[in-house]
Amino acid sequence: MSRSAAVQFAVTVVAAVLIGVPLATVLTPPDPYTQLLSLGALLVVTLPVAYYLSYRGGYESLRTRVDQ
């Protein structure tokens, strides 16, 4: 099933946020400031990684490495 790069990008970002936010709430102290900082750091890391995977052939290279 072939998806467009924009859909892959959106799915990657949503999946990373859905996994990262609960993980950050468990790993950080319960104050809101620290949790907002961790959410900001998560987005700063997630957006470039999702861009690389979706638009720069990251998924294809992962697929070829897994198929070997």
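These numbers were taken from a predicted model, which means no experiment stands behind them. Numbering starts at 1 and runs along the sequence shown.
- Across all non-hydrogen atoms, the minimal contact from Tyr55 to Ala6 is OH-CA, 3.4 Å.
- Transitive grouping of hydrophobic side chains (ILVMFWY, heavy atoms separated by less than 4.5 Å) brings Tyr51 and Val13 into a common cluster.
- With sequence neighbours excluded, no residue forms a side-chain hydrogen bond (donor to acceptor under 3.5 Å, both in side chains) with Tyr52.
- For Thr34, the side-chain hydrogen bond (donor to acceptor under 3.5 Å, both in side chains) partners at least two apart in sequence or on another chain are Asp31.
- Scanning for side-chain hydrogen bond (donor to acceptor under 3.5 Å, both in side chains) contacts around Ser38 gives an empty result, with sequence neighbours left out.
- Minimum interatomic distance between Pro30 and Gln35 (heavy atoms only, all atoms of both residues): CA-NE2, 3.8 Å.
- Judged by distance alone, the side chain of Thr64 and the main-chain N or O of Ser61 form a donor-acceptor pair under 3.5 Å.
- Side-chain N or O atoms of Thr12 include none that pairs as donor or acceptor with a backbone N or O of Ala50 at under 3.5 Å.
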### Task
Go through Leu37 and Thr28 one step at a time and tell me if the side chain to side chain contact (heavy atoms under 4.5 Å, CB included) criterion holds.
CA-CA 10 Å; Leu37 273 175; Thr28 59; over 6 Å; no

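- When the side chains of ILVMFWY residues are joined at heavy-atom separations under 4.5 Å, either directly or via intervening members, Val49 and Leu47 end up in two distinct hydrophobic clusters.
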#### Entry: Residues Leu43, Val17; criterion side chain to side chain contact (heavy atoms under 4.5 Å, CB included); working and verdict
CA-CA 8 Å; Leu43 288 176; Val17 169; 3.9 Å; yes

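- For the atom pair Leu42 CG and Leu36 CG, the distance stands at 12.0 Å (nearest 0.5 Å).
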